[in-house]
Amino acid sequence: MTCTAGGYKVNVLRDSLGEFTNRQDLVLIYTDSSDAVFIERRKDILSKFKSFDAKVVFAADNFIWPDPKLKKQYPKVPQIESRYLNGGAFIGYAKTIVEMLNYKKINDMDDDQLYFTKIFIDKQLREQWNIKIDTKSEIFQSAVDNLEDIEVKYKGNHSYIVNKKTGSKPLILYGNGPIKAAFNRLASDLADEWTETFGCAACSRSAISLKELKKDDYPIVQLSVFIDQPTPFLVEGLKTIKDLDYPKKRIDFLVYNNADYHEVDVELFLSGCSDEYRSVTVISPNDEMTGTAARNSAIDQCLLTKCAYLFFVDGNVHLTDPETLKDLIEQNRTILAPMLSQHKNYWSNFWTGLNDHGYYGQTEDINQL
């Protein structure tokens, strides 16, 4: 296995752009693909780039890396702006970018940020190639060490960010470095994926419909109910399971009951509908199986039968809408879970952040519940 560092990216980029050596009319943009969200349209990005009157514009950071000794060689900027080059995102004319990439040889194990930094702090090269840094975050907004400066805002069906320090509206959010959880939280609302007015726009874009399918062609679902302890109103909850508007011959039903008190309830429920389901599996208190083992067993059974969907329902849950199962499938998501909160109380079953100890971390999303 060959290990590589940032220098590898420079070499791959240089080898890939050879055909554009003389294209001074072509604008290229580079970002690390897993780290960037394009918030605005191409024409907005091109227009903002041209307003810089530069041939290449790099993203900016508040800190210098990887060589702090080079700090004094950077041009000074106002205190509210970011002074240092971020090599993970840049935009520029193809001819200039190709020249910059071919300036010196770089080993795969060398640092790409240092490569671009040394080009920028060389005044002759900086002026020759007319390289600038996006110090106000007008195009690129780096999230590293800048999270407190970033605010997500909404206008109709459009979501965007504002840099509270400079007042700019960055067009691309770049989440390089060890802040992936926070970056993903911001990114989930951007590119018009979610807005306060329209909610989750992305949800409808990937949705599917079961309406055109015959009942016999519905996806196979393993519906697994877990009764871990004596549960109030269990009979009523099981009735909502039975009343789901989904062909039972397309459902493998599994019930885990760990409460002797409910054995009669489960037997009565199954006596009225067990023949309707594709299959029925019962794990009773006599099996002495833990809740964790029962859930693992349900997953194993789903894999064995090659079910299309696995639907977990705890015994204290009441599915009051008979369309629930169909609605969930039509969302066409890998995993779906309910979002529960308490009115006028900072409580939820889902948190969007983790602290340094891997426990719940406070985030703006939670504050908005």
Sole candidate of Asn257, Val255, Leu238 that passes side-chain contact (heavy atoms from CB on, under 4.5 Å) when paired with His262: Asn257
SB check Lys118 Asp67 (cutoff 4.0 Å): no
Residue pair Gln331 / Cys203, side-chain heavy-atom distance below 4.5 Å: yes
Side-chain cluster (under 4.5 Å, hydrophobic types only) that Phe49 belongs to, other residues: Val27, Ile29, Phe38, Ile45, Leu46, Phe52, Val57, Ile91, Tyr93, Ile139, Phe140, Leu171, Ile172
Ring centroid separation Tyr84 to Trp65 under 6.0 Å: no
Over all atoms of both residues, closest heavy-atom pair of Ala94 and Arg23: CB-O, 3.3 Å
Asp252 versus Ser279, side-chain donor and acceptor atoms under 3.5 Å: yes
Distance in Å, Thr96 OG1 paired with Gln24 CD, rounded so as to fall on 0.5 Å steps: 4.0 Å
Reported CG-to-CG distance for the pair Asp134 and Leu85, which is rounded to 0.5 angstrom: 11.0 Å
Cationic N near anionic O, under 4.0 Å, Glu151 to Lys164: no
Plane angle bin for Phe233 and His318 - parallel if under 30°, tilted between 30 and 60°, otherwise perpendicular: perpendicular
Side-chain heavy atoms of Phe253 within contact of Leu270, under 4.5 Å: yes
Co-membership, hydrophobic cluster, residues Leu70 and Leu125, 4.5 Å side-chain: yes
NZ (Lys132) with more than 12 external heavy atoms under 6.0 Å: yes
Nearest non-hydrogen partners of Ala60 and Ile133, listed with the distance: CB-CG2, 3.4 Å
Where Glu323 and Asp245 come nearest, the two heavy atoms and their spacing: OE2-OD2, 2.9 Å
Donor-acceptor side-chain pairing of Tyr277 and Asp275 below 3.5 angstrom: no
NZ/Lys169: more than 12 non-hydrogen atoms of other groups inside 6.0 Å: no
Closest heavy-atom pair and its distance - Ala187, Val37: CB-CG2, 3.5 Å
Mutual orientation of the aromatic rings belonging to Tyr74 and Phe120 [parallel < 30°, tilted 30-60°, perpendicular > 60°]: tilted
Distance-minimising heavy-atom pair for Asp189 and Ser159: O-OG, 2.6 Å
Neighbour count above 12 (heavy atom, 6.0 Å) for Arg41 CZ: no
For Asn86 against Asp61, the heavy-atom pair lying closest together: ND2-OD2, 3.0 Å
NZ/Lys153: more than 12 non-hydrogen atoms of other groups inside 6.0 Å: no
Tell me which donor-acceptor pairs under 3.5 Å the side chains of residues 212-230 have, and how far apart each pair is, sequence neighbours excluded?
unit_1, atom_1, unit_2, atom_2, d
Gln222, OE1, Cys302, N, 3.2
Gln222, NE2, Ser224, OG, 3.2
Gln222, NE2, Ala298, O, 2.9
Asp228, OD1, Arg295, NH1, 3.3
Asp228, OD2, Arg295, NH2, 2.9

Whether over 12 other heavy atoms sit under 6.0 Å from Asp53 CG: no
Whether over 12 other heavy atoms sit under 6.0 Å from Arg333 CZ: yes
Flag side-chain contact, heavy atom, 4.5 Å: Gln128 against Lys55: no
Same apolar cluster: Leu254 and Val280, side chain cutoff 4.5 Å: no
Neighbour count above 12 (heavy atom, 6.0 Å) for Glu236 CD: yes
Under 3.5 Å, sequence neighbours excluded: what are the donor-acceptor pairs made by side chains of residues 10-17?
unit_1, atom_1, unit_2, atom_2, d
Asn11, OD1, Arg14, NH1, 2.7
Asn11, OD1, Arg14, NH2, 3.4
Asn11, ND2, Gly7, O, 3.4
Asn11, ND2, Ile106, O, 2.9
Asn11, ND2, Asp108, OD1, 2.8
Ser16, OG, Val12, O, 2.7

